[in-house]
Amino acid sequence: MANTFKNIRRKYKKRKLMAEKAKQARGQSGGDAADSYQIKLSRHRKKALRKALITAGTAAAAVLLVFLYVEKRSYNEYKILKTSEQEDIVSTNYEELDGKILRYSPDGVSLVSNKLETLWSETYEMQNPVADVNGTRAVIADRDGTLLQIYDKKGRTGSVTTSYTIVKARISESGLVAAILDGGDDTWINLYAEDGSLIAENQTRIEDPGYPLDVAVSDDGAVMMVTYQFVDGGQTTSYVAFYNFGDVGQNEEDRIVSGFTYDGVVIPQIQYLDGGCSVALRDDGFTLYNGKQIPKESESVEVDREIISTFYNEELVGLAFKNDDKNKQYTMEVYSTGGKLKFKKDFNIPYTHIEMSDGYILMYNSSQMCVMNSRGVEKYTGSVDGTIKDFFKMGMNKYLLVLDNGVHVIKLS
């Protein structure tokens with residue numbers, strides 16, 4: 001009996017040992033399976049990432065190729081997409097407004113689509129209307145008159161009858177309007193809200209701080225920039241002043257938060273650019289300012305050649321000079337708003353008008369026009385049948401061409 005019990009115990013221990021070994025073997029096998037799964041998952045992820053990177057790289061390369069193609073491509077002709085021959089070309093003027101056409105005359109104004117369809121129209125009476133457009137906003141002023149009309153892309157937002165004759169009016173991106181008014185011995189610089197209500201008025205005198213040549217308003221309307229000219233000791237001097245109509249300027253004399261004097265320099269034009277940057281276009285170059293509340297000088301570019309034209313947009317400032325070379329009559333230099341030279345280019349287009357329109361440099365005279373991109377690549381140069389009155393860009397490869405025989409929406413081809 002004792003031997004029997006011993007045999008049973010030996011068999012039990014043996015079976016237990018075999019069960020433990022089997023369990024360990026199963027655990028090892030499960031671990032191996034888990035490790036194998038992790039390895040496969042890692043490989044799959046690497047393969048998927050590699051595939052995604054290849055796809056993204058291919059897409060980026062395709063985009064780059066398209067960009068380079070568009071940038072380098074030039075055109076030999078244009079085709080007319082739409083035309084209107086019922087225009088009073090002599091008394092009507094045109095401006096681009098948010099991809100549409102602001103058409104105005106002494107009798108009224110209308111907004112027209114790029115298919116030359118009238119979206120809205122308003123009437124008024126002016127002798128010498130001039131317009132300033134900024135984004136979706138526009139002001140039309142009767143120069144040497146007293147009427148100001150303020151618009152956005154939906155129609156008129158306000159109207160002003162001034163106490164003195166209007167010299168110049170400029171509008172901000174938010175719809176605020178600054179106007180230089182001639183009061184005889186004195187001048188006034190007034191700021192109006194988009195509904196025409198008076199926000200501020202500032203009387204200036206020729207002896208202090210000088211005669212105002214130009215005015216500009218920041219995008220939010222908080223700061224107004226004015227360039228003055230006066231004579232000091234027989235020398236022409238310019239003064240650029242920044243007026244802050246917010247809390248920052250309330251404790252400053254005349255709300256002037258910063259001002260800069262330039263001896264022997266004429267500054268006929270100033271402009272707000274992008275991101276709180278502004279520029280004073282001088283007869284010997286230009287000065288850039290930065291600072292939304294208290295602008296400071298950031299960069300100055302001076303040239304030793306006579307500037308015959310200036311042009312700009314939100315990101316670039318351009319200067320044009322006359323050359324002695326008959327084959328290359330002109331040179332342009334285009335700078336960033338950081339004051340860095342982007343490119344310099346000689347050209348031979350006898351232009352009478354140059355401007356930046358929708359990121360492109362446009363030049364034209366009575367019978368020729370040229371389109372150049374912001375890197376100096378000529379996209380189109382050619383002649384037209386008729387006399388060019390106006391020419392500006394309206395979107396992707398579309399332009400408004402105003403001739404003495406009609407108004408055309410064209411596409412370069």
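Quantities reported herein were computed from a predicted structural model and do not represent experimental measurements.
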[X]: what forms a side-chain hydrogen bond (donor to acceptor under 3.5 Å, both in side chains) with it, not counting sequence neighbours?
| X | value |
| --- | --- |
| Glu125 | none |
| Glu117 | none |
| Thr157 | none |

Between [X] and [Y], is any side-chain donor less than 3.5 angstrom from a side-chain acceptor?
| X | Y | result |
| --- | --- | --- |
| Ser159 | Gln149 | yes |
| Ser367 | Ser383 | no |
| Tyr351 | Ser309 | yes |
| Thr162 | Thr146 | no |
| Gln127 | Asp142 | no |
| Ser172 | Asp219 | no |
| Arg103 | Thr92 | no |

Might you confirm whether atom [atom1] of [X] has over 12 heavy atoms from other residues, nucleotides or ligands at distances under 6.0 Å?
| X | atom1 | value |
| --- | --- | --- |
| Lys345 | NZ | yes |
| Glu355 | CD | yes |
| Asp88 | CG | yes |
| Arg305 | CZ | yes |
| Asp185 | CG | no |
| Glu306 | CD | no |

Can you tell me if [X] uses its side chain to pair, donor with acceptor, with the backbone of [Y] under 3.5 Å?
| X | Y | result |
| --- | --- | --- |
| Trp120 | Lys153 | yes |
| Ser238 | Val265 | yes |
| Asn134 | Ile171 | yes |
| Arg282 | Ile267 | no |
| Asn323 | Lys326 | no |
| Arg375 | Lys342 | no |
| Asn365 | Gln368 | yes |
| Thr352 | Tyr364 | yes |
| Asp220 | Ala222 | yes |

Derivation of the salt bridge (Lys or Arg N to Asp or Glu O under 4.0 Å) call for Asp152 and Lys154:
CA-CA 5 Å; Asp152 64 13; Lys154 295 181 180 179; over 6 Å; no

Distance, nearest 0.5 Å, that separates [atom1] of [X] from [atom2] of [Y]:
| X | Y | atom1 | atom2 | value |
| --- | --- | --- | --- | --- |
| Lys411 | Met396 | NZ | CE | 10.0 Å |
| Asp346 | Asp325 | CG | CG | 7.5 Å |
| Ile89 | Thr387 | CD1 | OG1 | 11.0 Å |
| Glu314 | Cys277 | CD | SG | 11.0 Å |
| Glu194 | Ile199 | CD | CD1 | 9.5 Å |
| Gln203 | Asp186 | CD | CG | 4.5 Å |

Can you check whether [X] reaches [Y] side chain to side chain, under 4.5 Å on heavy atoms?
| X | Y | answer |
| --- | --- | --- |
| Val139 | Tyr192 | no |
| Asp390 | Asn93 | no |
| Val257 | Gln293 | no |
| Val371 | Tyr75 | no |
| Tyr151 | Leu102 | no |
| Asn202 | Arg255 | no |

What do the steps show when you test Glu252 against Asn244 for side chain to side chain contact (heavy atoms under 4.5 Å, CB included), and what is the final call?
CA-CA 9 Å; Glu252 302 293 336; Asn244 190 309; over 6 Å; no

Looking only at heavy atoms, what is the nearest atom pair of [X] and [Y], with distance?
| X | Y | result |
| --- | --- | --- |
| Tyr289 | Pro295 | CB-CB, 4.3 Å |
| Met356 | Asn313 | CE-ND2, 3.6 Å |
| Ala138 | Val133 | CB-CG2, 4.0 Å |
| Gly359 | Ser374 | O-CB, 3.5 Å |
| Ser300 | Thr287 | OG-OG1, 3.0 Å |
| Met225 | Val279 | CE-O, 3.7 Å |

Test side chain to side chain contact (heavy atoms under 4.5 Å, CB included) on Phe392 and Val402; report intermediate values, then the result.
CA-CA 9 Å; Phe392 57 81; Val402 182; 5.6 Å; no

Among residues at least two apart in sequence or on other chains, which ones pass salt bridge (Lys or Arg N to Asp or Glu O under 4.0 Å) with Arg170?
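By the salt bridge (Lys or Arg N to Asp or Glu O under 4.0 Å) rule, Arg170 matches Asp132, Asp214.
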
Set of residues satisfying salt bridge (Lys or Arg N to Asp or Glu O under 4.0 Å) with respect to Lys393, sequence neighbours excluded:
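Testing Lys393 for salt bridge (Lys or Arg N to Asp or Glu O under 4.0 Å), a comparison that skips the adjacent residues, returns Asp358.
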
Give the intermediate values and the outcome of side chain to side chain contact (heavy atoms under 4.5 Å, CB included) for residues Met332 and Ile361.
CA-CA 11 Å; Met332 70 169 61; Ile361 302 168; 4.0 Å; yes

Show your reasoning for whether side chain to side chain contact (heavy atoms under 4.5 Å, CB included) applies to Phe321 and Glu333.
CA-CA 9 Å; Phe321 314 92; Glu333 295 179 357; 3.7 Å; yes

Which class fits the ring pair [X] and [Y]: parallel under 30°, tilted 30 to 60°, perpendicular over 60°?
| X | Y | value |
| --- | --- | --- |
| Tyr335 | Phe286 | perpendicular |
| Tyr399 | Phe391 | parallel |
| Trp188 | Tyr164 | parallel |

According to side chain to side chain donor-acceptor pair (under 3.5 Å), does anything in residues 221-235 pair up with another residue at least two apart or in another chain? List the pairs.
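Sorted pair list: Tyr228-Tyr243.
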
Cationic tip of Lys322 within the cone over Tyr330's six-membered ring, i.e. under 6.0 Å and within 45° of the normal?
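Pair Lys322/Tyr330 counts as cation-pi.
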
